[in-house]
Amino acid sequence: MLKNSVEKEYTSIIDEFKKKNTGVSVRQLKLLNTEVYILYLPQLTDRDKLSECILKPLLQGNAHSTPQGELQSPTVQKLSIEKIAYSMIYIDDIELSEDIAKIQDYVLKGKSIILIKSSEQFIIANTTKVQQRSISSPDLDQTLRGPRDSFTENTDTNLSLVRYRIKDSQLRIEPFTVGKRTKTSVSVIYIEDVVNQKYVDEIRNRIQKINIDGIIESSYIQNFILNHTFDMFPQAGITESSDIVAGNLLEGKVCILVEGSPIALILPKVFVEFFDSNDDHYNNVYISVLTKLIRIFSFFVALTASSLYVSVVSFHPDIIPAQYILALAIARGSVPFNALTEAIIMELVAELLKEASIRLPKQIGPAIGIVGTIVIGQAAVQAKLVSPLMVIVVALVTMSSFVAPDYTIMNPVRIYKFMLLLFTGVLGLFGFTMGMTIIVINLISTNSLGTVYTAPISPLNLTDLRNYILSNISLRKGRPEFLNTKDSTRQ
Amino acid sequence: MIVIILCFLPLTACWDYLDVEKRSMVISVGIDDKNGESTIIGGIGSVIGTSEDKGVKRYFFKGIGDDFADARLHIDSSLPFPLFLGTSRSIVFSESYASKSIEPYLNRIDQLYDYRKSVLLTISKDPIEEILDRDIEQDVSVGFLLENIMEQLTRNGKALYVTAGDALNRIPMKYTAYLIPYIGLKDDIIQYLGLCVMKDSKLVDIVKVEDTDGIIYLLNKKPRLTEYIEHPKDKNIRILYITTVSGKKIYTDLKKEQLQINVELNVDAELRGQTYILPISQSEKKLMEKQLSSKIKEDIQSIIERSIKEYNCDFFDFYEYFRIQHPKLYDELDWNLVYQNAKVDVSVKARIINKNMRDPNALGKK
């Protein structure tokens, strides 16, 4: 490349930064008759580091080389970019590059560019500093016994947490940049000699195919990795705990971390695994089994309780003992709505309260709880608008919907319970059976990265099922067979 | 798939939609036959109009007609909501109706889809209206009271709980005989009074409650009866034993065209009280075991012989034992004919498991 053309290109880039409101600062230094330019984005740059490790050594080097009053030959005193890189600046992470077209990208990522117009090469110094919160307890994965460190929005911090837990030379962190405008870094993490290579290839392939202007949250990646946009059941697990990620990597799964998102994605994930909590692996085996069964039961309660209520009250009261029929009738004695309308209204109100309590600031969150309790629990019953039993059913459904450790598995339940209600309200238990059939068909036709979603129940694998239910690591000799890992033994 | 769904639609759909509080819930049904007319009498538990006291309001309905369908029409035309039989707990037949045959109504129970086959059957000594239209202090309604009385007595090994399903199972058989609890007013309180002997679904006789021990020993799954024995040393001292059956064997045989029924019963007796405390020696214990054995034997023998000679109806289901033990012979004979000449041999071995209330090894000896 001709020197003049390089100079021109540098000048045009610097002028562009200066003229347009890009926010990029251009610091110009004159050192030993050479003009040195430092380009950086103040918002993403550690300015102390810039001053101490770049500006200070450069200016001090200049002072030592030119004693007062002494005029030295310009040819002897010419400053080169290599000298700056290798002998002057104190930055640990630097790189020399000739790709002038990427200068803008580097600067926008928070790197400082040091250039001399006469040199084809320029220095990329890592002076990035992003304002970030410190590591705190996880909000999503509440645990009694597990570690309290959770991911933050900073990828380096998140990767350090994973690295800290798995000190294995086989741990691979494959970097990707996704988003034409956001240039978000995405890290795909796996253990090379454990993982099923097909999963890595598939994820790599799907991430590379993403063509979007920006990635804001890991859910963007999740949506692109989904088999079909309209799939109801989640195919990737989400977590913000590094111990869960480490546990899953050891099982032979793949984890995706996205810059700016504290939520890691875990792939593949089958249906029953959504009811598996990290506490299950730390607790006594009996408690683990009990809590796991309660979680699975609560899934079905959340899905079916209100539909079964409508079915029994309106179509088939004779399927329950006579005493309960009378109790049901007494409870509904003065309710003006029919059971279906009552159930739909109450479920909608419960969803409304749930949504409101998530969005409200923490300070006024409890107020919604009180309003909900008084409005639904007391006033509605006293006004005889709903039956006390319906309130109990809705409360049970709402409580059950929060039991799963990964809340995403409850999202389809929120939709399907209304579908079941309508089916049951029109066709009774027959409609309920039809609705459940549709749900089961949907469930068995889902897959996560090609892994059967209903494994290890269907196809049945008793070893995997036993390991899943017992959850105790001392009993788990191998990795789940449905993952087809390279190394199937754990102990 | 759509075709399959459409095929099933008529079975249940929105046209069946009827909230539970919009049904007249029948709790008890009485069946009578007055002046040759079929009468259905019953109690309904309903909640309409009870928003103030939040309880079940009791209605009483009565329908009279030439047949049950007619009587039902009579009832339907006076009720605000359709009759719902799924809640009915007990059916009470009048003695007069039962003596003519309860089979028509049993068949009706079989045909009405919302009737539970687990509904309790009873026969009343007193007029049905007097039984069903009573304010019950012990329970919500007569239906529940009767069900609860019979349930707890049967569970405690002192009575038999007979459902419509039990009776319906016997009807298709060659020799229909079964027992139905007999209830009635005693000291103005509804009580269990004994067992009604039903032959071909007709009331033949009533076995008073004090004479039912022999039946209970053989037909209750876990009989637990009270027996009193006098102390061999002092006849004024009565000793209370609770007896349970620890083993039962029934053998049947046909010898020289005579049916032989052998009943072997092992009974454990647990001392539960003495009017005056007097120690029991080993020899006295043996004596008392003998007394107890012969008393139980007498109870069983007498009721079986009564079933043979007096009623000629096998409500003990001995024919079932015979059919299993001699299947070929069973097909060839007329059971009623054979049964009326049957010879019964009952052998009871009673074992007293404790001599006083302080025996620490009483449970171990069981």
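Throughout, protein chains are lettered first and strands after them, A, B, ... in sequence-line order, and every chain is numbered starting at 1.
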>> Tell me the closest heavy-atom pair linking B:M25 and A:A329, and the distance in Å.
In response: CE-CB, 3.3 Å
>> Return the NZ to OG distance between B:K22 and A:S314, rounded to the nearest 0.5 Å.
In response: 9.5 Å
> How far does CD of B:E21 sit from OG of A:S387, to the nearest 0.5 angstrom?
Replying inline: 8.5 Å
>> Can you confirm whether B:F144 sits close enough to A:L326 that some side-chain heavy atom of one is under 4.5 Å from a side-chain heavy atom of the other?
In response: yes
>> When you compare the side chain of B:L85 with that of A:D318, does any pair of heavy atoms fall below 4.5 Å?
In response: no
> Considering residues at least two apart in sequence or located in another chain, which fulfil the side chain to side chain contact (heavy atoms under 4.5 Å, CB included) criterion with B:T163?
Replying inline: B:Y161, B:D166
>> Taking salt bridge (charged side-chain N to carboxylate O under 4.0 Å, His left out) as the definition, give me every residue that meets it alongside B:D188, ordered by chain and number, with sequence neighbours left out.
In response: B:R134
> Around B:K117, counting heavy atoms of other residues, nucleotides and ligands shown, do more than 12 lie under 6.0 Å from its NZ?
Replying inline: yes
>> Taking atom CZ as the centre, does A:F402 end up with more than 12 heavy-atom neighbours from other residues, nucleotides or ligands that are less than 6.0 angstrom away?
In response: yes
> Could A:R332 and B:D19 be called an ion pair, given the rule that one side-chain N must be under 4.0 Å from one carboxylate O?
Replying inline: yes
>> Between A:I320 and chain B, with a heavy-atom cut-off of 4.5 Å, which part of the residue counts as in contact: side chain, backbone, both or neither?
In response: backbone
